[in-house]
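Single-structure report; data block below.
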Amino acid sequence: MIKAPDVNWLAIAPMMTLMIGAFVLLLLASFIRGRDRGLGTVVGLVALLASAGFAINLWSEPATTTMAGALQIDQLTQVVTVLIAGCGILTLFVSFGWNRMRENGAEFVALLLLIAAGMDLIAASNSFVTLFVALELFSLSLYVLCAFDGKSKASLESGFKYLVLGTIGSMVLVYGAAFLYGATGSFGFEAINTALSKAGSGDALVILGTVLVLIGLAFKIGVMPFHMWVADVYEGAPTSVTGFMSAATKIAAFVALARVLLDALPAMRDTWAPALVIIAVVTMILGNISALVQTNLKRMLAYASVGAAGFGLIAIIVGGAAGTRGLIFYLAAYAPMAIGAFAVISLHERDHKGIATLDSIRGWGFQRPVAAVSMIVFLLGFAGFPLTVGFIGKFVVLGSAVEGNYTWLGVVAVVASVISLGYLLRIILAMFDRGAKSGVMMAAAPGMGSLNLAIVLCLALVLVGGILPGLGLDWAADAAKSLAAGR
Amino acid sequence: MSVGIPMFLAVSAILFTIGLIGVLLRRSPLTILLSLEIMLNSVNLTLVAFSRQVGGSDGQVFALVVMGIAAAEVVVGLGLVVAMTRRSMVLDTDELRTLNG
């Protein structure tokens with residue numbers, strides 16, 4: 001008789017709430033037809049708020065492991081849970097007025113909840129097995145969400161492309177994990193770390209495993225040269241999903257990278273740090289240059305997010321208490337800006353009834369001043385202007401780079417930010433182009449209110465985080481202590 | 001004569017490469033999904049081989065987990081292919097150029 005592992009239900013309550021919410025929704029959806037949207041939104045909000053509530057409640061508890069050591073519940077997990085729940089709630093507001101929500105709202109929200117649960121589990125994962133299962137839980141649900149607009153060929157195509165390239169990434173990751181297992185005899189992060197620090201880092205199996213794991217996670221984050229799916233998927237996916245993806249997927253994938261590199265493979269630093277340096281430089285410079293030549297706003301912001309991922313890489317390369325704190329704060333800061341910017345694009349698409357391009361937004365700013373001004377704040381936040389949370393995020397990362405003797409990487413990052421102004425200003429100038437006659441009709445579709453609410457909430461978060469960052473920085477510093485490198 | 005671990009690793013590396021080449025070069029979405037399966041199974045072979053070498057069953061259990069997830073992934077993949085067929089999209093990845101990537 002095999003003894004079942006002890007389960008600390010309170011510790012995994014945040015994830016369980018989300019999964020139960022998803023299953024309840026799928027069950028109810030088959031009985032209540034035609035009220036999908038209201039049902040989905042209400043259950044989704046309750047589940048996300050409850051998971052954030054449980055996480056906040058667990059904040060002051062000491063770190064524990066549960067499920068036979070497969071999950072590690074610590075403050076990093078709680079911070080990620082709250083952030084993902086926040087992204088999910090904003091996404092619910094953004095997508096409330098979307099046509100597909102009226103038809104299949106319950107399924108949409110159920111998938112969203114499963115994604116959130118998978119992302120929380122990534123932050124809690126303590127071994128490659130848990131990491132892989134959590135990664136696939138959120139990826140598989142996300143492939144479906146990308147293809148959710150079944151009437152649009154672009155949406156289906158983006159879902160399929162994401163599935164193929166995302167699965168390659170996962171396979172490379174597991175292949176690498178298999179080699180690390182062969183060399184160290186374990187999948188657990190701590191056990192791998194112990195084995196490697198004893199045996200040294202020269203083994204060819206270990207080096208191969210490290211490189212493959214790095215490539216697999218780089219695919220998931222979408223950094224150069226493994227970024228080819230990003231622009232297509234961001235463009236084709238429904239805009240509310242794109243916003244969620246650019247914010248939440250980055251958080252989850254970066255936390256996975258930090259857990260693997262800083263907790264399991266610190267002994268292999270000599271192998272992965274130089275590779276990450278090259279990837280970071282290429283990503284920041286080429287990502288922003290590729291964004292310069294785009295005319296489709298979603299593609300432009302997709303490349304902008306590729307470029308932005310470079311900052312996260314810098315934080316991981318620097319490591320230590322400063323680097324990990326910078327990473328967490330930067331990811332948190334990026335989320336409201338990304339969701340807000342894609343929410344404004346979503347608003348424009350509903351007004352314009354077509355895709356958002358630099359041409360289609362000409363003069364649109366005069367018709368929707370609040371949304372357009374919010375967009376300016378989000379875009380300046382991407383570039384790192386003061387008074388926005390983006391400035392604090394970049395400042396913390398750059399500060400850690402200087403401290404960690406990577407000043408030259410910081411200089412590259414600043415140059416990349418200057419390049420990014422090139423396309424961010426083009427969007428702003430196009431929105432307030434006086435000469436253009438705007439052929440855009442104002443849409444009076446219901447559900448516009450919740451979209452506006454989402455934009456204003458993101459705006460508030462970006463400004464409050466930019467003016468009073470102290471509390472967020474403290475939380476990030478506490479969460480960073482959950483990583484071995486942050487102590 | 002017993003077959004050593006290098007042989008298993010070689011076979012799985014060959015399978016992985018075949019799968020990767022298939023994903024990158026073949027044009028039918030169905031063949032691409034097949035190639036992904038080949039990659040998955042090469043990973044499983046590696047896991048089981050290492051599991052035998054290391055001792056213990058961790059690797060074999062992980063291989064089972066990978067199989068389960070592979071099944072879920074194929075369900076999503078085939079679902080998308082069916083949806084694409086219904087939208088009368090041509091099942092050829094060279095023709096999937098609505099998004100110019």
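First the proteins, then the strands, lettered A, B, ... as listed; each starts at 1.
- When heavy atoms are compared at a cutoff of 4.5 Å, B:S35 does not approach chain A at all.
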Using the rule given for side-chain contact (heavy atoms from CB on, under 4.5 Å), can you reason through A:L358 versus A:N296, listing the C-alpha separation, both sets of side-chain angles and the distance that settles it, and then say yes or no?
CA-CA 7 Å; A:L358 277 180; A:N296 181 320; over 6 Å; no
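- Proximity of A:S360 to A:T357: side-chain heavy atoms (C-beta onward) are separated by under 4.5 Å at one or more points.
- The contact between B:V54 and chain A is made entirely by side chain atoms (from C-beta outward), counting heavy-atom distances below 4.5 Å.
- Put simply, of A:S186, A:A178, A:A183, the one with the most heavy-atom pairs under 4.5 Å next to chain B is A:A178.
- Side-chain contact annotation: A:T130 with A:S125, donor-acceptor N/O pair under 3.5 Å absent.
- Most heavy-atom pairs under 4.5 Å with chain A: of the set B:S12, B:G68, B:G79, B:A72, this distinction falls to B:S12.
- Proximity to chain A (any heavy atom under 4.5 Å) is restricted, for B:L20, to the side chain, taken from C-beta onward.
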Please report the C-alpha distance between A:R259 and A:L131 in whole Å, then the side-chain angles of each, then the deciding distance to 0.1 Å, and finally whether the side-chain contact (heavy atoms from CB on, under 4.5 Å) criterion is met.
CA-CA 10 Å; A:R259 281 263 198 234; A:L131 182 77; 5.8 Å; no
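- For a residue to count as touching a neighbouring chain, one of its non-hydrogen atoms must lie under 4.5 Å from one of that chain's; by this rule B:Q53 touches chain A with the side chain only.
- The candidate from A:L137, A:L165, A:V144, A:V174 with the greatest count of non-hydrogen atom pairs under 4.5 Å with chain B is A:V174.
- Looking at A:L135, there are no atoms closer than 4.5 Å to chain B (heavy atoms on both sides), in backbone or side chain.
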List the atom pairs, donor and acceptor, that lie under 3.5 Å between side-chain atoms in residues 207-226 of chain A and the rest of the protein, sequence neighbours left out.
{"unit_1": "A:T210", "atom_1": "OG1", "unit_2": "A:V206", "atom_2": "O", "d": "2.7"}
{"unit_1": "A:K220", "atom_1": "NZ", "unit_2": "A:S139", "atom_2": "OG", "d": "3.0"}
{"unit_1": "A:K220", "atom_1": "NZ", "unit_2": "A:G166", "atom_2": "O", "d": "3.3"}
{"unit_1": "A:K220", "atom_1": "NZ", "unit_2": "A:S170", "atom_2": "OG", "d": "3.2"}

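- Within the 4.5 angstrom heavy-atom criterion, atoms from both the backbone and the side chain of B:V66 approach chain A.
- The side chain to side chain contact (heavy atoms under 4.5 Å, CB included) search around B:I21 returns B:T17, B:L25, not counting sequence neighbours.
- With respect to A:E235 and A:R299, a salt bridge is recorded, a charged nitrogen being found less than 4.0 Å from a carboxylate O.
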